[in-house]
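All remarks here apply to the structure that follows.
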Amino acid sequence: MKIKKAVIPAAGFGTRFLPATKAQPKEMFPIVDKPALQYIVEEVVDSGIEEILVIIGRNKETIENHFDRSIELELELERRGELELLEDIQRISHMAKIHYIRQSQPLGLGHAIYCAREFVGDEAFAVLLPDDIIYSSRPCIAQMIHIYDKYGGSVLGVKEMEDDILCKYGNLQGEIIEDRVYRVDGLIEKPKIGENYSNISVLGRYIITPAIFHILEDLEPGIDGEIQLTDGLDRLAQIEDVYAYRFEGIRYDIGDKFGFLEANVEFALRDEEIRHRFIKYLDRVVKNYR
Ligand code: G1P
């Protein structure tokens with residue numbers, strides 16, 4: 001069955017990025033000139049999905065405003081004859097059908113996904129975590145839909161990670177069944193040092209079958225006292241086939257200050273309009289700090 005819906009949880013406090021996130025959502029921080037969340041919505045749309053549910057928390061009105069029309073701005077751009085910019089701005093509000101729901105208590109990612117059950121209904125759906133921005137020639141979630149179409153079960157987006165950061169992510173136990181594809185035997189959320197199953201981490205992209213909702217319904221809180229999606233997926237793998245796919249592309253963890261800077265520098269270096277000036281600037285400035 002075609003994947004028609006995507007869920008984007010954007011209700012976190014962004015504590016790794018305080019004080020910047022005190023009154024504004026980290027999902028709206030710009031990577032060069034576009035808010036992070038727009039990259040995610042574009043990935044969804046470019047993968048052929050048209051309906052999106054964004055799970056929001058407090059202080060998230062700017063997210064709704066960004067994807068809605070801004071008539072005053074449109075009129076002003078038209079008056080100034082800035083037609084290219086006008087088209088860009090209008091495109092944002094027409095890109096997809098975006099719905100919003102509020103997660104009123106911060107009970108964890110598993111709980112946020114559980115809040116999407118009515119929107120999703122009885123079909124497999126995509127989940128994209130906006131902390132993970134993936135730069136690739138083919139959208140990451142489209143790559144994963146391809147694997148879902150082939151195998152028919154849930155698919156988790158994974159990558160091999162360095163030993164010292166495995167404890168930051170969901171960790172995979174599984175066996176490789178074809179190039180880049182694993183059958184999942186188990187998962188552990190943020191394993192303690194030495195308790196990881198492998199060096200393969202789950203990185204913010206999922207295709208999940210609706211059976212997850214029955215599991216999340218009465219899942220106990222896990223690590224950090226939160227209802228963990230990883231724990232739910234671990235159970236799901238005990239009752240039906242779950243796969244993992246080592247996706248192609250460069251992944252940035254923009255929930256982290258360093259990852260956010262990496263994304264900004266590298267997207268700027270890819271931007272035809274500013275790259276030449278920016279390279280000269282970097283060459284010059286880096287010397288002063290060595
Ligand atoms: C979440 C998930 C974790 C996953 C990570 C990817 O953790 O719980 O399994 O590996 O995203 O970025 P968070 O970073 O929100 O704590």
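Both ligands and their constituent atoms are indexed starting at 1 by order of listing.
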Notebook entry, point to check: Out of Phe213, Tyr206, Phe119, Tyr148, which one pairs with Phe125 under the ring-ring contact (aromatic ring centres under 6.0 Å, His included) rule?
Noted result: Phe213
Item checked: Closer than 4.0 Å: a protein non-hydrogen atom to atom 15 (O) of ligand 1 -> no
Next item on the list: May I ask you to check whether Tyr243 and Glu178 show a side-chain donor-acceptor distance below 3.5 Å?
Entry: no
Check: Does a donor on one side chain sit under 3.5 Å from an acceptor on the other, for Tyr252 and Glu266?
Finding: yes
Next item on the list: May I have all residue pairs that pass side-chain hydrogen bond (donor to acceptor under 3.5 Å, both in side chains) and include part of residues 25-36, sequence neighbours excluded?
Entry: Lys26-Asp131, Glu27-Lys60, Lys34-Glu42
Check: Sequence neighbours excluded, which residues qualify as side-chain contact (heavy atoms from CB on, under 4.5 Å) partners of Leu83?
Finding: Leu86
Near [X], which atoms of ligand 1 are under 4.0 Å from a heavy atom of that residue?
X: Lys190; result: 7 (O), 13 (P), 16 (O)
X: Arg251; result: 12 (O)
X: Gly204; result: 6 (C)
X: Thr230; result: 9 (O)
X: Leu129; result: 1 (C), 11 (O)

Item checked: N or O pair under 3.5 Å between Gly170 and ligand 1 -> yes
Next item on the list: Using distance alone, determine whether Glu189 and ligand 1 share an N or O pair under 3.5 Å.
Entry: yes
Checklist line | Linked, directly or transitively: Met144 and Ile134 (ILVMFWY side chains, under 4.5 Å) | finding: yes
Next item on the list: Counting heavy atoms only, name the option from Asn171, Val202, Asp132 that's nearest to atom 4 (C) of ligand 1.
Entry: Val202
Notebook entry, point to check: Should the pair Phe29 and Phe260 be assigned to parallel (<30°), tilted (30 to 60°) or perpendicular (>60°) ring geometry?
Noted result: perpendicular
